[in-house]
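In what follows, a single structure is set out as structure tokens and then discussed.
All residue numbers refer to positions in the sequence shown, counting from 1.
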Amino acid sequence: KTMNFLSTTCLAIVFSAAAVSIQADTCKMPDVRPPPKSRKFVSEAVDTAISDLMPKFKDHNLAQLFANTLPNTLDTTVYRHSSKSGHLDTFIITGDINAMWLRDSTNQILPYLQFASKDRNVKSLIQGLILRQARSVLLDPYANAFQVDQQAGPSPHAGDITHMLPG
């Protein structure tokens, strides 16, 4: 049988996410979220929205894709979220290195804005990210990405010499 796009995509996700036995004509997308104790950040409002919306999907795979992807930033990329000495701080890893890109961290957190009024932890996470970004830009207004702290060591590009030209 010819597999449709979703089935093909599902097969790729299944093979890369877990060793799951499947048949070519039926593909049930698995729940690939980390176990609750392994999640980096938990939002009751996000989890409730997922629980409320999943039964409304007509297609199980689409529902599971939604449930896997909506909380992904919270589950896997919140490197630090704390309130040290009264200052909120949120660091979102945005790629394959432990760095936070300003543009990417902003876009990763956008889906959660709708939950900030319902979940004070999400509101705090977003506030911490804004404050972290502001502190980062004040450190280096020309940088695009930042490390979590000075203990991370110098960037591999710290010795770059760039001759800046006007314009």
**Q.** Shortest non-hydrogen contact from Ala143 toward Leu102
**A.** O-CD1, 4.0 Å
Q. Shortest non-hydrogen contact from Leu88 to Gln127?
A. CD1-OE1, 3.5 Å
Q. Does the pair Ser82 and Asp89 meet the rule for a side-chain hydrogen bond (donor to acceptor under 3.5 Å, both in side chains), with working shown?
A. CA-CA 5 Å; Ser82 62; Asp89 184 31; 4.7 Å; no
Reported [atom1]-to-[atom2] distance for the pair [X] and [Y], which is rounded to 0.5 angstrom:
{"X": "Asp75", "Y": "Arg39", "atom1": "CG", "atom2": "CZ", "answer": "5.0 Å"}
{"X": "Ile92", "Y": "His81", "atom1": "CD1", "atom2": "NE2", "answer": "9.0 Å"}
{"X": "Met100", "Y": "Arg132", "atom1": "CE", "atom2": "CZ", "answer": "6.0 Å"}
{"X": "Phe91", "Y": "Asn98", "atom1": "CZ", "atom2": "CG", "answer": "7.0 Å"}
{"X": "Phe146", "Y": "Gln133", "atom1": "CZ", "atom2": "CD", "answer": "9.5 Å"}

Q | Ile126/Leu113 under side-chain contact (heavy atoms from CB on, under 4.5 Å): CA gap, chis, key distance, verdict | A | CA-CA 8 Å; Ile126 295 167; Leu113 289 176; 3.7 Å; yes
Check: [X] side chain, [Y] main-chain N or O, donor-acceptor pair, under 3.5 Å:
{"X": "Ser43", "Y": "Val122", "value": "no"}
{"X": "Asn107", "Y": "Arg103", "value": "yes"}
{"X": "Tyr79", "Y": "Ala99", "value": "no"}
{"X": "Ser124", "Y": "Arg120", "value": "no"}
{"X": "Asn68", "Y": "Pro30", "value": "yes"}

(Q) Name the residue from Ile109, Leu125, Ile93 that meets the side-chain contact (heavy atoms from CB on, under 4.5 Å) definition with Val78. (A) Leu125
Q: Only one of Val137, Leu138, Leu131 passes side-chain contact (heavy atoms from CB on, under 4.5 Å) with Arg135; say which it is.
A: Leu131
**Q.** Residue pair Val148, Arg80: steps toward the side-chain contact (heavy atoms from CB on, under 4.5 Å) verdict
**A.** CA-CA 8 Å; Val148 67; Arg80 175 187 291 166; 3.8 Å; yes
Q. Taking it one step at a time, do Val46 and Leu74 satisfy side-chain contact (heavy atoms from CB on, under 4.5 Å)?
A. CA-CA 9 Å; Val46 171; Leu74 301 178; 3.9 Å; yes
Q.
Any donor-acceptor pair under 3.5 Å linking the side-chain atoms of Thr77 with those of Gln108?
A. yes
Q. Is there a side-chain contact between Val42 and Pro36 (heavy atoms, below 4.5 Å)?
A. no
(Q) Is the shortest side-chain heavy-atom distance between Trp101 and Thr106 below 4.5 Å? (A) no
**Q.** Cluster link Phe41 to Leu70, ILVMFWY, side chain under 4.5 Å
**A.** yes
Q. Which of parallel (below 30°), tilted (30 to 60°) and perpendicular (above 60°) describes Phe57 and Phe66?
A. tilted
Q: Could you check Lys123 against Lys118 for side-chain contact (heavy atoms from CB on, under 4.5 Å), going step by step and ending with a plain yes or no?
A: CA-CA 8 Å; Lys123 182 178 181 179; Lys118 301 172 191 129; over 6 Å; no
